[in-house]
Protein chains: 2
Amino acid sequence: MLGEFEQIVLLALIRLADDAYGMTVRREIAERIGRDVSIGAVYATLDRLEKKGLLKSRTGDPTPERGGRAKRIFVITATGKKALQGAQAAFDRMREGVKLG
Amino acid sequence: MLGEFEQIVLLALIRLADDAYGMTVRREIAERIGRDVSIGAVYATLDRLEKKGLLKSRTGDPTPERGGRAKRIFVITATGKKALQGAQAAFDRMREGVKLG
DNA sequence: TCATATCTTCTACTATGTAGAATATGCCAG
DNA sequence: CTGGCATATTCTACATAGTAGAAGATATGA
């Protein structure tokens, strides 16, 4: 089972495509849904998802033009997409026909 | 922030209307999304949500016709609905335009 | 070579989610 | 009127997910 934040992180990876790494994932979540999550939370989740095989990571460009440490780029795997699909389908079934407000 | 399971439980309450208590909440989740959760997990979540004011509970009918212990009936509060709405809106914004499969 | 910017790791902790045994309570058969 | 059965909730103990922010790594450019 995927937790809520795990789903959000996976969605961020898809959104960001090639440019998904710790800092951008965090920024994307903040901008999209106004949830200011700590950078530690992002990496913890990312690591967990990688351990489960739902995403994979590689070290980015070894000679970047900007300053600072090398990025660690994250990409969702096929398994990850399937898990995301499953979780959302379940959720949608639960929401079906429920009216709020 | 509402966790995923918390949202599922709140949705179950809305679905079940007057007939929402521990056992039916559990059954509803199992039937809807095939997630066989333990009864302890259901009550733990229910208690937590009540503490946060997102639902309230009362002891059901003191003279029930069937056998067994009295039910504890759960109803979502206005605050609970608002929280649910918020969580789902955030989620939808994150999902916006993302295609899986 | 050091101040600065960018990014990841680490440490410690709180909250959520999970399981199943224990307990409470009412009906009904005998 | 009591023991067996069915229905429900509570309790105990633990695993996983989520959180925060300090510390560490590494590249640029003055």
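Any value given below was found using the heavy atoms of this structure, including those in side chains, with hydrogens, waters and symmetry copies removed. Below, read A as the first sequence line, B as the second, and so on, with proteins coming before strands; counting in each chain starts at 1. Remember, it's a predicted structure, so these values are computed and weren't measured experimentally.
Applying the side chain to side chain donor-acceptor pair (under 3.5 Å) criterion to Gln7(B), with sequence neighbours excluded, gives Glu4(A). Contacts of Asp92(B) classified as salt bridge (charged side-chain N to carboxylate O under 4.0 Å, His left out), with partners at least two apart in sequence or in another chain: Arg95(A). Judged as a side chain to side chain donor-acceptor pair (under 3.5 Å), and not counting sequence neighbours, Thr24(B) has no contacts.
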Determine all donor-acceptor pairs shorter than 3.5 Å in which one atom belongs to a side chain in residues 15-23 of chain B; sequence neighbours excluded.
| residue | atom | partner | partner atom | Å |
| --- | --- | --- | --- | --- |
| Arg15(B) | NE | Met94(A) | O | 3.2 |
| Arg15(B) | NH2 | Met94(A) | O | 3.1 |
| Arg15(B) | NH2 | Glu96(A) | O | 2.4 |

I'd like a table of donor-acceptor pairs (distance under 3.5 Å, sequence neighbours excluded) in which one partner is a side-chain atom from residues 75-85 of chain B, with atom names and distances.
| residue | atom | partner | partner atom | Å |
| --- | --- | --- | --- | --- |
| Thr77(B) | OG1 | Gly53(B) | O | 2.8 |
| Thr77(B) | OG1 | Leu54(B) | O | 3.1 |
| Thr77(B) | OG1 | Gly80(B) | N | 3.0 |

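Within residues 15-28 of chain B, the residues that place at least one heavy atom under 4.0 Å from DNA chain D are, in residue-number order, Tyr21(B), Gly22(B), Met23(B).
Applying the 3.5 Å distance criterion, the base of dG18(D) shares no donor-acceptor pair with the side chain of Arg35(A).
Considering only side-chain N and O atoms, Lys52(A) lies under 4.0 angstrom from the phosphate OP1 or OP2 of dA17(D). The shortest distance between the side-chain N/O atoms of Arg72(B) and the OP1/OP2 oxygens of dT10(D) is below 4.0 Å.
DNA chain C is contacted by both Gly3(B) and Ile39(A); Ile39(A) maps to the nucleotide lying nearer its 5′ end (nearest heavy atom per residue).
By the 4.5 Å heavy-atom criterion applied to side chains, Phe5(A) and Met1(B) are not counted as neighbours.
Residue Gly40(B) is in base contact, counting any heavy-atom pair closer than 4.0 Å across all strands shown. Contacts of Lys51(B) with the nucleic acid, taken as non-hydrogen atoms under 4.0 Å apart, are absent.
Residue Val37(A) places its side chain closer to dT19(D) than to any other of dT26(D), dG17(C), dT19(D).
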